[in-house]
Amino acid sequence: MRELLELQTGQVAFISGLLSGFSISIAAQILRYGIDSRLSQAVFLMFLMCSLLFLLALFVDVRLSIELAGMQNLSAPALEQVSAVRRLGTGCATAALIMFILAAGMLGWLASPSTGALTTVMTACIFFLFWAVWTRINTITVLLSNV
């Protein structure tokens, strides 16, 4: 159990840190080229929020890793608390990922209407795949909880 918790925490922390950096870099580029429309303001704010949510997820996972370092066994109440905090961190990372996909899809509209239409179609396809994977993983989770 301990190894699984460390693996999950490390993966979410790595992805969150990486995507937080990407998000803030994109937001900075939007600032650099100017926020002259409502759309550019919305995209900027979405990427900024993504960065902050990813940072929160990163903090949760790193802090848990530090606090649990060296612990071999966790009591049931402690394990429940760890799970609750991890759900919060993973929820923040998931929300940030969804927002990142949306904001990336909106970037095309800053270039041109035709590019915007193309990025909207691409984003819709990614959301469909995201939903398909999400539902299948939830099905697997239900099946595993019945074992």
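In this structure, S16 contributes its side chain and V12 its backbone to a donor-acceptor pair below 3.5 Å. With T119 contributing its side chain and G105 its backbone, the two residues share a donor-acceptor pair below 3.5 Å.
Hydrophobic side-chain contacts under 4.5 Å tie M122 into a cluster, directly or through other members, with L118. In the hydrophobic clustering, V133 connects to I137, either directly or through intervening members, whenever side-chain heavy atoms lie under 4.5 Å apart.
Annotation: side-chain hydrogen bond (donor to acceptor under 3.5 Å, both in side chains) contacts involving residues 18-28, sequence neighbours excluded, comprise S20-S51. Among residue pairs with one or both ends in residues 130-145, none qualify as side-chain hydrogen bond (donor to acceptor under 3.5 Å, both in side chains); sequence neighbours excluded. Note on residues 104-129: no pairs pass ring-ring contact (aromatic ring centres under 6.0 Å, His included), not counting sequence neighbours.
Shown here are the side chain to side chain donor-acceptor pair (under 3.5 Å) partners of T94, two or more places apart in sequence or in another chain: there are none. Take F100 and apply the ring pair (Phe, Tyr, Trp, His ring centres under 6.0 Å) test, not counting sequence neighbours, and it matches F47. With sequence neighbours excluded, the residues that form a side chain to side chain donor-acceptor pair (under 3.5 Å) with R63 are E67. Annotation: side chain to side chain donor-acceptor pair (under 3.5 Å) contacts of S114 (sequence neighbours excluded): S112. Every residue meeting the side chain to side chain donor-acceptor pair (under 3.5 Å) condition with S40, not counting sequence neighbours, appears here in chain and number order: S37. Annotation: side-chain contact (heavy atoms from CB on, under 4.5 Å) contacts of Q41 (sequence neighbours excluded): I35, R38. Residues passing the side-chain contact (heavy atoms from CB on, under 4.5 Å) test with Q29 are R32, Y33, sequence neighbours excluded.
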